[in-house]
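What follows is one structure encoded as structure tokens, with my remarks underneath.
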Number of protein chains: 2
Amino acid sequence: MSLSPVRPKGPHLNALRAFEAAARLGSFTAAADELSVTPGAVTQHIKTLEAWAETQLFIRNARGVKLTPLAEELLPGFTQAFDQLGFSVHALRNKATPQKIKVAALPAIAQLWLAPRLGLLREVAPEISVSVVALDTPPNLAREPFDMTLFFSGKPLGKNEVKVTGDCIFPVCAPSIAARLTRVDDLGAETLLHDGAWHEDWDIWLRAQSGGEKIPRAGTVHSLFSIALEEARHGGGVLIAHETLVADLLQRGDLVRPFATSVDLPRNMVARFTPAFRQSETYEIVKRVLLSEG
Amino acid sequence: MSLSPVRPKGPHLNALRAFEAAARLGSFTAAADELSVTPGAVTQHIKTLEAWAETQLFIRNARGVKLTPLAEELLPGFTQAFDQLGFSVHALRNKATPQKIKVAALPAIAQLWLAPRLGLLREVAPEISVSVVALDTPPNLAREPFDMTLFFSGKPLGKNEVKVTGDCIFPVCAPSIAARLTRVDDLGAETLLHDGAWHEDWDIWLRAQSGGEKIPRAGTVHSLFSIALEEARHGGGVLIAHETLVADLLQRGDLVRPFATSVDLPRNMVARFTPAFRQSETYEIVKRVLLSEG
DNA sequence: TATGAGCCTTAGTTTTTCTACATCAAAATA
DNA sequence: TATTTTGATGTAGAAAAACTAAGGCTCATA
């Protein structure tokens, strides 16, 4: 019996959050990414927490970490707590400023699909202000302050998800280039443009064409689809494009499809919403305007 | 549509915790107390949160704060989240170090009732280590890292509470003083000792005696019951004592009861446990040993 | 009118948290 | 086998957050 003079303190909330993220994702690096900090910060948080609890939470291997049985057992409770907290934070934002919404989207989607539609939204409901953040990977909606995300997904639709469009690829190019393309074989003489994140697109499309296997895949890679698109528009080569992202330019005639065949990819453009946002008045308007014509 | 380059951040967790406490308790000062910080810290947290959400959460009056309807609406969700978090933290401690338990108790209870029994516990289960923190008011078990509390309570027993003893008061003094006390009136010539936190005790007891109303209540006040008790033991006066706290000294003969009459107060000494602790193996042992003889 | 309770503000300090690197070990690759 | 890659760690310094202390304000109550 030690009559301690000081009120004992609980662990730091940030350490608990770091633990939950690391345990759920099974990786300190992934947790650091979700929390927008460096992996070193996560290491420190978890070390602090382990010292506080006087126990080990992770088994460190040189290549990644593994949960101890204790951490495994405790994880669901922490996840539930932070989920509830995240929901309440979303509710706070949605009820305090219902006319302001935050969207996270793939850069290409943000620029080529979303941007035109936001003009439409402004016409219909000028009181709604939308802020868009371009991200390469979908954020964890239960934890980060976004109301909706727009990404491609090959998984079955989840509870708060809505299919926006399918994903279908085909080559596009400037009309001047299209003039000299009649057979798939002609592509061998052209620069094949593609996006770095979708480096398999040409391969997929060519494999679906008879004789396409022989075309060399080498070409110019751009880190952003929108830059590759710009390049194609100026006659820089033939781009393997995603239908939803080039519909506008095709309609305007800036780009044309040299070949009729397209390939459907097994994935969709998916809009995902937070449960809190779905309860707000704004949700219906946004959904109606943005997802009107599939 | 502003294409923001930075990933937006959620509010700080500490700010959310401060909000929850302030909203639940309806007072910044009380929240500061629960969180063991100064009221200024709470003010700042809440101001930060209000700025983040771009909304007002409290209506400030010169005398206390009132929740806005929005805050009122959001409170339950936040409370639930932090309750769950608290439970998980307790579970972490209980499963990581099941042999270490933390108790918060009233100073007088800690010293006079609990301390003797801890020796007994050590005999029965030496592997259990108990740390005791003396507090004047019961801590919020759902938020602070204690496994159990021991305080007097006049309220009906709650879900995780167990009655330990009743509370019954009567005068005690050294045998030398008792020798010159025969009637209640004789108390008029003695120094009446009492604890500052229980300043009404003499009043209550005297009112229950015939003729007691006339005795002057003035006497020596001590901030700690145990100091008043020490004073009484050394012949410094007559103390109005609580049965559970002086049983030992009475049995040993260090103190005696000059009058037979006692008054039952409408309250009990109550042990309260965390739900997480009740699930641990240690709970049964502790309960059996400490609460054996009512 | 004086007092006290309760919150606010500001300035300055302490504590916490984060980053930037360098390092290390196992696994994957060549 | 040598090399590269991946993911975690340790440390120092810097940045950010959180806290305290002290003075001030306002309203209710005595």
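So you know, we letter chains A, B, ... as the sequences are listed, proteins then strands, and number each from 1.
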Starting from C1' on C/dA25, measure out to CD1 on A/Ile59 and report it in whole angstrom. 17 Å
Nearest whole angstrom, please: distance from the P of D/dG7 to the CG of A/Leu67. 16 Å
Separation of atom NZ in B/Lys47 from atom C1' in C/dT9, rounded to whole Å: 7 Å
Using whole Å, report how far CZ of A/Phe19 lies from P of D/dA8. 15 Å
Judged by each residue's nearest nucleotide on DNA chain C, which is more toward the 5′ side, B/Val65 or A/Pro39? B/Val65
A/Arg17 has an atom CZ; how far is it from atom C1' of C/dC18, in whole Å? 13 Å
Nearest 0.5 Å please: distance from the CZ atom of B/Phe19 over to the OG1 atom of B/Thr79. 8.0 Å
Whole-Å gap separating P (D/dT6) and CG (A/Asp33): 15 Å
Between atom CZ in A/Phe58 and atom C1' in D/dG7, what is the gap in whole Å? 13 Å
Considering only heavy side-chain atoms of B/Thr38, the closest of C/dC18, D/dT20, D/dT9 is D/dT20
OP1, OP2 of C/dC7 versus side-chain N and O of B/Ser27: anything below 4.0 Å? yes
Can you tell me how far C1' of D/dT6 sits from CZ of A/Arg60, to the nearest Å? 17 Å
Does the side chain of B/Leu141 come within less than 4.5 Å of B/Phe146's, by heavy atoms? yes
With 3.5 Å as the limit, what N/O pairs link the protein to nucleotides 23-25 of chain D?
none

Listed pairs, N/O of protein and of nucleotides 15-17 of chain C, under 3.5 Å:
{"unit_1": "C/dT17", "atom_1": "OP2", "unit_2": "A/His12", "atom_2": "ND1", "d": "2.9"}

For C/dC7, take OP1 and OP2 only and decide whether either is under 4.0 Å from a side-chain N or O of B/Thr43. no
Would B/Arg143 and B/Glu20 satisfy salt bridge (Lys or Arg N to Asp or Glu O under 4.0 Å), going step by step from the backbone distance to the final call? CA-CA 11 Å; B/Arg143 299 298 144 84; B/Glu20 192 275 338; 2.6 Å; yes
Ion pair check, A/Lys100 and A/Asp147, cut-off under 4.0 Å: no
From CG (A/Leu70) to CG (B/Leu92), nearest 0.5 Å: 6.0 Å
Where is the tightest heavy-atom contact between A/Trp52 and A/Lys9, given as atom of each residue plus distance? NE1-O, 3.0 Å
